[in-house]
Amino acid sequence: MWQLGRLFLFFLVFIFIVLKFTVAENFHHNDNFKESLTIKPLSDGKLLTHFQFNVRISGIKEGKTFNHYKFFPRAIGQIIQSYNARELHLTFTQGRWNYEDWGYPIAPSAGTGVELWAWLWKDEKLDKNWKSLTNALAGLFCASLNFIDDTITVQPQLSFRPEGSYNATEISTHAELRYGSLPHENVCTENLTPWIKLLPCKSTSGIASLLNGHKLYDSNFHSMSIHVQPVCEDSRCLNKQLEIIQTVSAVVDPVRNSGKRDWSLNQIFGRQLSQACPLAEGSKLEVILPEDCDYKLSPDADDVTHMDGGTNIALYNLKNLQLTTDISMTWKEDIFEYNLNFEQPRIYAHRFFTGYGQERGGIKVNIFNKSPNISVPIIYYDVIPWFLKLYLHTLKVQINGKEVQDNPIKDLYYQPAVDRSRPNVIEAELLLPPNSITTLSINFDKVFLKYTEHPPDANRGFDIGSAVISSTGEIVGDFNYLYDVVTRNCSEDTPRAACYHYSIRVYTETLLVSLPTPDFSMPYNVITLTCTVIALFFGSMFNLLTRGFVALQPNEDNKNKEGKDAAK
Amino acid sequence: MEENDKIRRLIITSFYIVILFGLPLWWKTTEVYRAQLPFTEIEEWSNWEAFDLEFPTHFTIYVANVKPSTIKFANLSSNLENLITSRYNIDNSKEANNGTSQKSIRFPVKIKLADWNNWMNDLQDGNLEMGNLANKNGQYSFYILPRTKSNSDTKVLVGNQRQAIVEINQWDTNVIEKTISDLIISLFMPEQDAIRKSIIEPLSDSKVELDSMRTMKYSSQYQVTFSLMNGDPSNLLVNWDIEEAVNKYLGPFVNQISMISNLTVDSQIQHYARLTFEPNHKPDENYFFLTPELLPHFINAAEWNLASAVSSYPTLNFILYVPSKEQSPLHIQDSKGNIMENNAFLIPRWGGVIINNPDRSKGTHNFSFKELKSVMSIFITQLRGLLGVHDVWIEAKHTLGATFSIEFVIPPNTAVTMWEFDNLVRRRIAENIVTSITTLKSLSQLVTEIPNMVVLDHIQTEVFLALDNLSKSCKHLHNNQYDLALYHSKKAIELAESAFFDPTMVSMLYFPDEHKYAIYMPLFVPISVPLLVALQREVKSLKKK
């Protein structure tokens, strides 16, 4: 009898689970949407805010189009399908991520301006598709992406590997990579508005309601991105999903206003949270807690998790949010004192111009490896426009200021520029010795451009996009500094091994080069001068031909008169 | 001295001669490149002198072999032809009297009689397919037989192909003649009027018809977008089984119409789709309503993501709108204040909207496949209207009056019947021909008016090809080959438009004449001064003599 009762109970529970499952299944049957906001106080008193919105659409068959959109933005879906893009990464950035003070960003940032890279399926129209892709995105985001033409487009060989889950050989045989960046592009609200319109809840509810253009663009650094890539649905990757990740990162400076690092949502965004997006499966706000302990979070977090690296994360589940809430964090200190002993990231780099004058110059890159005992393999990637003529024989590598015997360059891919059709590309695989500064330098000549090739603000100079240092590998030893990078890969359903695989990209400064600038009224001057010379020549020739010349004899006045008559 | 003067004059004249020859050369070399366009030919087309437009129709009348055969059918076909042609021409001559119709459009009719021997068996089997395999646009068959039941109505059964069975109440030659001619005229007259009007007054804005206002401009491809708009997802989440509904309900229509225009279908769900205005509220019955004056403001184009990111083809939008809790239930009232039953409206040349007020008690609502059936049937009706499909038989019934009863083998509105399809093909051919001629005409006007515009060779080629396709289209029309005529008219319009909208056709990209003079001024002025002075001096010395 007792057993029967238990069986019955089991049965009831089973029915309940099945029912619940089917109801949930019915509604979220093929799309799901998650939103999260991560806030991290940085070591120099600034505050990183990182918005992330993920939409996954399942049941995508390779090569089969889908036309019915639920949460996935239709505009992006149409673009990637019509132009055969397998993976798409678009980032708008303003300002420079300060690696030394801030560590690594949560989502890979990019150099100042716009960066676009995509893996396109190989077909006869690939280059046309890339052109159309840039044009369509330019229209969608009100950005000058259509200026990414052949002179800017690059096919990186070593960097920018696919980020989605693939069979690695499959993607390299069936797809090709295209990369383009516009360092001169300014990012502002006209780019943010179409970006927000792609979200399922727009900016009406959920954490997207905090995206306030006035506050966002009043920050030290901001970056807005869209990543479309396939992900595996199960561990054996039989079924794939298409994921779109939209992120906005901004670094704000509360110290600038009050001298303290205290912050609240209302202070940094000018708005408060009222409710989670009703369409989101998960909606959370995380605060990555600093190591010192004399802070206070209000209201209290729903949960605090301890990560392996020793970091604690306070988590707010916004799905439970009832009333309009302002989350704030205060420290028990009167004034913020800069921490001078912060942990530096392992790898970072700086790039600058050398030389002077308008004829020639050089580029120098310092790559730092701060880890005390680990050699790190990296890939250095740099695109230099065609109007700087690089000399490969001048490429020098120094470690800690000295020439070294064994070349640290393990592999080098170099594409020389062709005038007005393609840029210089340097990709080098380097092994950075522990605790070292590796310096790469190369010299170039500056090209004298045609006068129509100069931009309207010719004397401002030309922007040279960031160099990129990518590093991938297994995390060994202490990886505290890599924490943020790791969490992005880690979610409940990824295997732990994948979690410990890191992939970072470090972007250097963008550079400004001034080329010899002509005087732009010159063409008309040349025309006028030439015309005058011709006219003078004509005039004198004409006079010579039509005038009679008579030799004058000083004594004979009469003859002189005759001569004058003859001239008439 | 005489010798000297002579030589000097010779030199001056030779300078002038060189300059006189040089000036045209200079003019020629500084000119912009202009390929020669066939202006006269375009002019001929736009005056409708270049061709005769003909829309022939052939009818085969299968007469039931009724025994005892009391009626002689010998003259039936010629009588019918005369009757119909004369009635077509009444309208034609009316137009001619107005003085507007110098343009030659003809609608020739051919009628053939055939015996229908085993009609009894065919009727019982319901086998109407016979003899219809070779049928194409412009060829129709009527099967006539006496009405079996002694009913005063004439019954017409419209088949799924290009045929109809007519049961005539009185088995008599005159009645047959009258019935058939009435039928044919009421079926084809509206179409002919429309075609004639579109050709005679292609750009008449003064008398815009409701019909032409609603129909989209022709394009070889349309993007059809279904959007489920949810006013407020915080208290009602919505979803729909749109994929299945589109495949099942819309698929046949899309397939059928693809010969004229391709339709690509997609769908989306948009949340927080708010209206830009507050709907009216009726407190005593507690519902909200929209008046006809408010409907033009219904679409919130700025916030609802309706534009396509990739397609440059025209988009047809169909919106299923679920209002927010604060604004529901939402209804549409007509001008008299009655609630409209289907709660839907059509926006001319844009799309259609249906407002739906689902049950909010559960917090979620899924528009199931079955529920979408009624929604899709309204959308399909709207789509037919937007694409210019006419319910030819239903319109004919209005003119025929109550003595005719019309039935269909397959119900209308689910897809397109062959009658409607043919009608659309013929109208679109006429429209395409007219539009491509007007486009070419505007192009030639533009090129003549702006002398600084560069006309490249590919523009010339496109114009020639467009004209060629136009004449081919007319030739095929003449031969009763509507499919080919449609194909060539499509080509013609595409070529004409691509020539007209070519990015190189921008005059401002090139130097205007003033700039040319300004640049050569420093050369011409200093050269002309000594020349003129020398000339003046010579004239003076000649006068002295």
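Letters go in sequence order (proteins before strands), and every chain restarts at 1.
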K.L.:
With a 4.5 angstrom heavy-atom cut-off, is it the side chain or the backbone of B:V246 that approaches chain A, or both, or neither?
P.N.:
side chain
K.L.:
Can a side-chain donor-acceptor contact be found between B:Q270 and A:K202 if the only test is distance below 3.5 angstrom?
P.N.:
yes
K.L.:
Hey, what do you get for OH (B:Y272) to SG (A:C277), rounding to the nearest 0.5 Å?
P.N.:
6.0 Å
K.L.:
Identify which part of A:F72 has an atom lying under 4.5 Å from any heavy atom of chain B, answering side chain, backbone, both or neither.
P.N.:
neither
K.L.:
Sort B:L236 into side chain, backbone, both or neither according to what part of it lies under 4.5 angstrom from a heavy atom of chain A.
P.N.:
neither
K.L.:
Can you tell which of B:S308, B:A518, B:P526, B:A534 has the highest number of heavy-atom pairs within less than 4.5 Å of chain A?
P.N.:
B:S308
K.L.:
Looking at every heavy atom in both B:A309 and A:A136, which two are closest together, and how far apart are they?
P.N.:
O-CB, 4.1 Å
K.L.:
Run A:C201 and B:H271 through side chain to side chain contact (heavy atoms under 4.5 Å, CB included) and show every step you take.
P.N.:
CA-CA 6 Å; A:C201 274; B:H271 301 277; 5.6 Å; no
K.L.:
Heavy-atom count check: over 12 atoms from other residues, nucleotides or ligands less than 6.0 Å from A:F147 CZ?
P.N.:
no
K.L.:
If the condition is side-chain hydrogen bond (donor to acceptor under 3.5 Å, both in side chains), which residues does A:H68 pass it with, not counting sequence neighbours?
P.N.:
B:S267
K.L.:
For A:S82, which atoms come within 4.5 Å of any heavy atom of chain B: side chain, backbone, both, or neither?
P.N.:
side chain
K.L.:
Hey, could you give me the CD1/OG1 distance between B:I519 and A:T528, rounded to the nearest 0.5 Å?
P.N.:
8.5 Å
K.L.:
Identify the two heavy atoms, one from B:E303 and one from A:K197, that lie closest to each other, and give their separation to 0.1 Å.
P.N.:
O-CE, 4.1 Å
K.L.:
Is B:L531 in contact with chain A via its backbone, its side chain, both, or neither, using a 4.5 Å heavy-atom distance?
P.N.:
both
K.L.:
So how far is it from B:L10 CG to A:L545 CG, rounded to the nearest 0.5 Å?
P.N.:
11.5 Å
K.L.:
Would you check if A:Q81 and B:V310 make a side-chain contact, meaning some heavy-atom pair closer than 4.5 Å?
P.N.:
no
K.L.:
Need one label for A:I79: side chain, backbone, both or neither, based on atoms under 4.5 Å from any heavy atom in chain B.
P.N.:
both
K.L.:
Test side chain to side chain donor-acceptor pair (under 3.5 Å) on B:T225 and A:R74; report intermediate values, then the result.
P.N.:
CA-CA 10 Å; B:T225 303; A:R74 188 170 68 108; 3.3 Å; yes
K.L.:
Of all the heavy-atom pairs spanning A:L279 and B:P233, show the shortest one and how long it is.
P.N.:
CD2-CB, 4.0 Å
K.L.:
Quick check on B:K362: does its NZ atom have over 12 non-hydrogen neighbours (other residues, nucleotides or ligands) under 6.0 Å away?
P.N.:
no
K.L.:
So A:F66 and B:D266, do their side chains get closer than 4.5 Å, heavy atoms only?
P.N.:
no
K.L.:
If you count heavy-atom pairs under 4.5 Å between each of B:V265, B:V525, B:L523 and chain A, which one has the most?
P.N.:
B:L523
K.L.:
Checking B:I11 against chain A: side chain, backbone, both or neither under 4.5 Å from a heavy atom?
P.N.:
side chain
K.L.:
Between chain B and each of A:P278, A:P194, A:S132, A:G539, count heavy-atom pairs under 4.5 Å; write down the option with the most.
P.N.:
A:P278
K.L.:
What's the separation between atom CD in B:Q223 and atom CG in A:N67, rounded to the nearest 0.5 Å?
P.N.:
8.0 Å
K.L.:
Crowded around A:Y524 OH? As in, over 12 foreign heavy atoms under 6.0 Å?
P.N.:
yes
K.L.:
Do B:I12 and A:T546 touch side chain to side chain, with heavy atoms closer than 4.5 Å?
P.N.:
yes
K.L.:
Listed by chain and number, what are the ring-ring contact (aromatic ring centres under 6.0 Å, His included) partners of A:F542, not counting sequence neighbours?
P.N.:
A:F538, B:F15
K.L.:
Should B:Y520 and A:I527 count as side-chain neighbours, where that means a heavy-atom distance under 4.5 Å?
P.N.:
no
K.L.:
Counting only heavy atoms not in A:Y451, do more than 12 fall under 6.0 Å of its OH?
P.N.:
no
K.L.:
Name the region of B:A273, side chain, backbone, both or neither, that has any atom closer than 4.5 Å to a heavy atom of chain A.
P.N.:
neither
K.L.:
Does any backbone or side-chain atom of B:R9 lie under 4.5 Å from a heavy atom of chain A? Answer side chain, backbone, both or neither.
P.N.:
neither
K.L.:
Does a sphere of radius 6.0 Å around OH in B:Y313 hold more than 12 heavy atoms from other residues, nucleotides or ligands, not counting ones at 6.0 Å or beyond?
P.N.:
no
